[in-house]
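Since this is a predicted model, take the numbers as computed values, not measurements. Quick note on labels: first sequence line is chain A, next is B, and so on, each numbered from 1. Heavy atoms only: backbone and side chains are in, while hydrogens, waters and symmetry mates are out.
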Amino acid sequence: MLSIYNTLTGKKERFESLAPKIVKMYVCGVTVYDYCHIGHARSALVFDVIRRYLEFSGYQVEFVKNFTDVDDKIIKRANEQGVSCETITAKFIDAYDTDMGRLGIKRATREPKATEHMAEIIELVDRLMQKGLAYEVAGDVYFQVDKYQAYGRLSKRNLEDLQAGARVEVDARKRYPMDFALWKSSKPGEPSWESPWGPGRPGWHIECSAMSIKHLGETFDIHGGGMDLIFPHHENEIAQSCGATGKEFARYWIHNGFVQINQEKMSKSLGNFFTIREIFEKSQWPEAETGEMLRYFLLATHYRGPVDFSDQALRETKQALDGFYDLFNRLAEPGQGSAETDVELHYSIGWFEERFKMGMDDDLNTPSALAELQQLKNDVNKLLGQGLSTEARKIAREEFRSLGNILGLFQLDAWRFSERRAMVSQAEFEVPDIDVQLIDAKLVERNEARKQKDFKKADEIRRFLSSHGIVIEDKPDGTSRWKR
RNA sequence: GGCGCCGUACCCAAGUGGUUAAGGGAGCAGUCUGCAAAACUGCGAUGCAGCGGUUCGACCCCGCUCGGCGCCUCCA
């Protein structure tokens, strides 16, 4: 039974879906005017894991993640580059799909775009006008916050506090300083749509209300995004949505913490952010391995806390993952077992699953779940030392694959290992392209030499393979396995 | 000014009002090995920023102090 921290109530709550066995969740995607950074990756990943875990727990998940493709920043970017907004948005939606795909983020069941929901947006604004919660000034429409009683409920602030801390000049046309735009009249050259208030475009928050209501209904289960969206974005969404429908909007509000660099939030002004593609490009590891490293790294910290990104952290993550794939390699080899080890394996797996779920159920404690995975790895390693049958090995590997899948880990059949204590100097190291047949032939040759006690030759061969990035591990039976 | 977060071993990071404070990385010692690698075993916080308080008992609750950070403007 999943418990999850609800920003709305400030407490961990037992999760209960509105409809049995169906979860409807909406997550704020991105405004598509630039490449995504690791912060976006974390957010996408957290909700990807929530979705996977809910599915694992037997729910059908209707998962909507939007693209905001009409916005000031997009217009600005388009003008800077002298291209249309569509050029910009198409480019970065495509980039989003590529980047998130490399991280193994599953596609949402629906990925709506704001520009494709103008009718719904206008209708929603109109409803707010008719209810007297919004007003028009020269083609702009504002939501009047003091007409909505519960304003500030999500972010735990009141209008007075907000006003006192306002750092921005108040638009004189607003009736109340905190009023926010639902509809903006368009200036020449800007994208615009016909509306009862003249040609214009939607304000920032209204598109999420319109799209979530359209695709999930007026009341749904989960709404999520980064912590920075709590105010004003989600606060405003609640005001608009509840104001228009008179019903409860989302029931559980989930927010992930930031990715930081040296204890500070990543931001463009500090210039301390990393884009996802930058990390993949700079990585010395293949794409699949890099993606899994990033996932593991991000999931090794609880989703609500801050996580500090660094090269060192990523290196440590690689070492941790190597341990799993090392085990998987050995599990892929045939072996002899006993009734006792088979039984112990089942016992260990059973215990593990319980602990794993316990962690995940406790507000998605992925660090704890990973620790349990590590524990299982240790158990299986010990059993392997005692002897495990081929069948038992398959079962063990499958366990890692199936539960790992909830975190999007351990799905790979091949894995590039870190270089261990190098047998050769950097200068001797050659491009690690050597074909498998040659490796196997060299291993046979080497083991023949070992049998003859010609260790000089054996070491030469190892040295040769090592220079091609191949690491040899000798098995007790006189044969060897290798890995890159 | 308002709201809020963080401070656990060399590094990362869970966790609990009371048995041995998870796990990973690094390190050291050992087993195994021709040598390695991998794996396994052992070592490693007498303490959970500091000081008070509540309590039979606190790292975990409360208060204060110190240090770091976030939001209140666009932001995952």
Undergrad: Would you kindly check whether a donor in the side chain of A/N365 faces an acceptor in the base of B/G15, or vice versa, at under 3.5 angstrom?
TA: no
Undergrad: Any idea which of B/G34, B/C74, B/A37 is nearest the A/P232 side chain?
TA: B/C74
Undergrad: Does A/V46 reach a base, just sugar-phosphate, or nothing at all? Heavy atoms under 4.0 Å.
TA: nothing
Undergrad: Which nucleotide in the list B/G34, B/C3, B/A14 gets nearest to the side chain of A/R462?
TA: B/G34
Undergrad: Please figure out whether A/V307 or A/A371 has its closest RNA chain B nucleotide nearer the 5' end.
TA: A/V307
Undergrad: Can you see if the side chain of A/K265 gets near the phosphate of B/C71 - specifically, an N or O under 4.0 Å from OP1 or OP2?
TA: yes
Undergrad: Among B/C35, B/A37, B/G23, which is the nearest nucleotide to the side chain of A/R450?
TA: B/C35
Undergrad: Base, sugar-phosphate, or nothing: which does A/G305 touch, judged by heavy atoms less than 4.0 Å apart?
TA: nothing
Undergrad: Given B/G23, B/A14, B/A76, which nucleotide is nearest the side-chain atoms of A/Q374?
TA: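 Nearest to the side chain of A/Q374 among the choices is B/G23.
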Undergrad: Over how many whole Å does the gap from A/F324 atom CZ to B/G25 atom P extend?
TA: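 Rounded to the whole Å, the gap is 9 Å.
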Undergrad: To the side chain of A/D459, which of B/A76, B/A13, B/C35 is closest?
TA: B/C35
Undergrad: Output yes when A/K174 and A/D140 qualify as a salt bridge under the 4.0 Å nitrogen-oxygen rule, no when they do not.
TA: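 No, this pair does not count.
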Undergrad: Could you work out the separation of B/C6 and B/A14 based on their C1' atoms and round it to a whole Å?
TA: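 Comparing C1' positions in B/C6 and B/A14 gives a spacing of 15 Å.
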Undergrad: May I ask you to verify if any side-chain N or O of A/Q263 is less than 4.0 angstrom from the OP1 or OP2 atom of B/C6?
TA: no
Undergrad: Would you kindly give the CD1-to-P distance between A/I75 and B/C74, to the nearest whole Å?
TA: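 About 15 Å, once rounded to whole Å.
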Undergrad: Over how many whole Å does the gap from A/E316 atom CD to B/C11 atom P extend?
TA: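 It works out to 11 Å between those atoms.
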Undergrad: Measure from the side chain of A/N378, starting at C-beta and using heavy atoms only, and say which of B/A76, B/A37, B/G23 lies closest.
TA: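 Nearest to the side chain of A/N378 among the choices is B/G23.
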Undergrad: B/A13 P sits how many Å from A/L364 CG, rounded?
TA: 17 Å
Undergrad: Once you apply a heavy-atom cut-off of 4.0 Å, does A/G225 come out as touching a base, just sugar-phosphate, or nothing?
TA: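 A/G225: backbone/sugar contact only, no base atoms under 4.0 Å.
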Undergrad: At 4.0 Å (heavy atoms only), tell me whether A/E372 reaches a base, stays on the sugar-phosphate, or touches nothing.
TA: nothing
Undergrad: For a 4.5 angstrom cut-off between non-hydrogen side-chain atoms, does A/R304 reach A/D363?
TA: yes
Undergrad: When the C1' atoms of B/G4 and B/A9 are compared, how many Å lie between them, rounded to an integer?
TA: 29 Å
Undergrad: Ignoring the backbone of A/D474, work out which of B/G2, B/A13, B/G34 is nearest its side chain.
TA: B/G34
Undergrad: Within this structure, what is the NZ-to-C1' distance between A/K377 and B/A38, rounded to whole angstrom?
TA: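 So the NZ-C1' distance, A/K377 to B/A38, works out to 11 Å.
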Undergrad: Got a donor-acceptor pair under 3.5 Å from the side chain of A/Q375 to the base of B/G23?
TA: no
Undergrad: Regarding A/H37, tell me which of base, sugar-phosphate or nothing describes its non-hydrogen contacts under 4.0 Å with the strands shown.
TA: base
Undergrad: Nearest of B/G68, B/A14, B/A38 to any side-chain atom of A/E473?
TA: B/A38
Undergrad: Counting distance alone, no hydrogens or angles: does the base of B/C5 have a donor or acceptor under 3.5 Å from a partner atom on the side chain of A/R304?
TA: no
Undergrad: What nucleic acid atoms does A/F297 come within less than 4.0 Å of, heavy atoms only: base, sugar-phosphate, or nothing?
TA: nothing
Undergrad: I'd like the C1' distance from B/A13 over to B/C74, given in whole Å.
TA: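 The same atom, C1', in both gives a distance of 32 Å.
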Undergrad: Salt-bridge test for A/R157 and A/E235: reply yes if a basic N is under 4.0 Å from a carboxylate O, no otherwise.
TA: no
Undergrad: Tell me the closest heavy-atom pair linking A/P112 and A/H215, and the distance in Å.
TA: CB-NE2, 3.7 Å
Undergrad: For the residue pair A/L294 and A/I279, establish whether any side-chain heavy-atom pair is separated by less than 4.5 Å.
TA: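 They are in contact (side-chain heavy atoms under 4.5 Å apart), so the answer is yes.
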Undergrad: Using the six-membered ring wherever Trp is involved, compare the ring planes of A/F356 and A/F352 and label them parallel, tilted or perpendicular (cut-offs 30° and 60°).
TA: tilted
Undergrad: Answer with base, sugar-phosphate or nothing: what part of the nucleic acid does A/R77 contact at a heavy-atom distance below 4.0 Å?
TA: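 No contact at all - A/R77 keeps every heavy atom at 4.0 Å or more from the nucleic acid.
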Undergrad: Give me the distance, rounded to whole Å, that separates B/U46 from B/C40 when you measure between the P atoms they each carry.
TA: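 To the nearest whole Å, 27 Å.
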Undergrad: Contact class for A/N256 vs. all strands (heavy atom < 4.0 Å): base, sugar-phosphate, or nothing?
TA: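 Here A/N256 touches the bases of the nucleic acid.
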Undergrad: Using a heavy-atom cut-off of 4.0 Å across all strands, would you classify A/G39 as base, sugar-phosphate, or nothing?
TA: base
Undergrad: Considering only the C1' atoms, how many Å lie between B/U65 and B/G27, rounded to the nearest integer?
TA: 36 Å
Undergrad: Taking the side chain of A/E264 as heavy atoms from C-beta outward, which of B/A39, B/G34, B/C69 is closest to it?
TA: B/C69
Undergrad: Would you please classify the geometry between the A/H205 ring and the A/H233 ring as parallel, tilted or perpendicular, with 30° and 60° separating the classes?
TA: tilted
Undergrad: For A/K382 and B/U41, is the shortest distance between a side-chain N/O and OP1 or OP2 below 4.0 Å?
TA: yes
Undergrad: Under 4.0 Å between any heavy atoms, over every strand shown, what does A/A320 touch: base, sugar-phosphate, or nothing? Just pick one.
TA: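 Here A/A320 touches the backbone only, sparing every base.
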Undergrad: 5'-most contact on RNA chain B: A/R481 or A/A313, nearest heavy atom basis?
TA: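 Its nucleotide being nearer the 5' end, the pick is A/A313.
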Undergrad: Hey, does A/I472 reach any base, or is it just sugar-phosphate, or nothing, if we go heavy atoms under 4.0 Å?
TA: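 Base contact - A/I472 has a heavy atom under 4.0 Å of at least one base atom.
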Undergrad: Using the P atoms only, state how far B/A45 lies from B/U33, rounded to an integer number of Å.
TA: 32 Å
Undergrad: When all nucleic acid strands are considered with a 4.0 Å heavy-atom cut-off, which category describes A/D72: base, sugar-phosphate, or nothing?
TA: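 If one applies the 4.0 Å heavy-atom cut-off, A/D72 turns out to touch nothing in the nucleic acid.
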Undergrad: May I ask you to check whether A/F220 and A/F249 place their ring centres under 6.0 Å from each other?
TA: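 Judged by ring-centre distance (under 6.0 Å), A/F249 and A/F220 do meet the cut-off.
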Undergrad: Using atom C1' in both nucleotides, what's the gap between B/A58 and B/C51 to the nearest angstrom?
TA: 15 Å
Undergrad: Can you tell which of B/A76, B/G2, B/G25 lies closest to the side chain of A/R157?
TA: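 The listed nucleotide nearest to A/R157's side chain is B/G2.
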Undergrad: For the residue pair A/F180 and A/Y151, categorise the inter-ring angle as parallel (less than 30°), tilted (30 to 60°) or perpendicular (more than 60°).
TA: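 Rings of A/F180 and A/Y151: parallel, as their planes differ by under 30°.
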Undergrad: For nucleotides B/C12 and B/A49, find the distance between their P atoms and express it as a whole number of Å.
TA: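 Those two atoms are separated by 14 Å.
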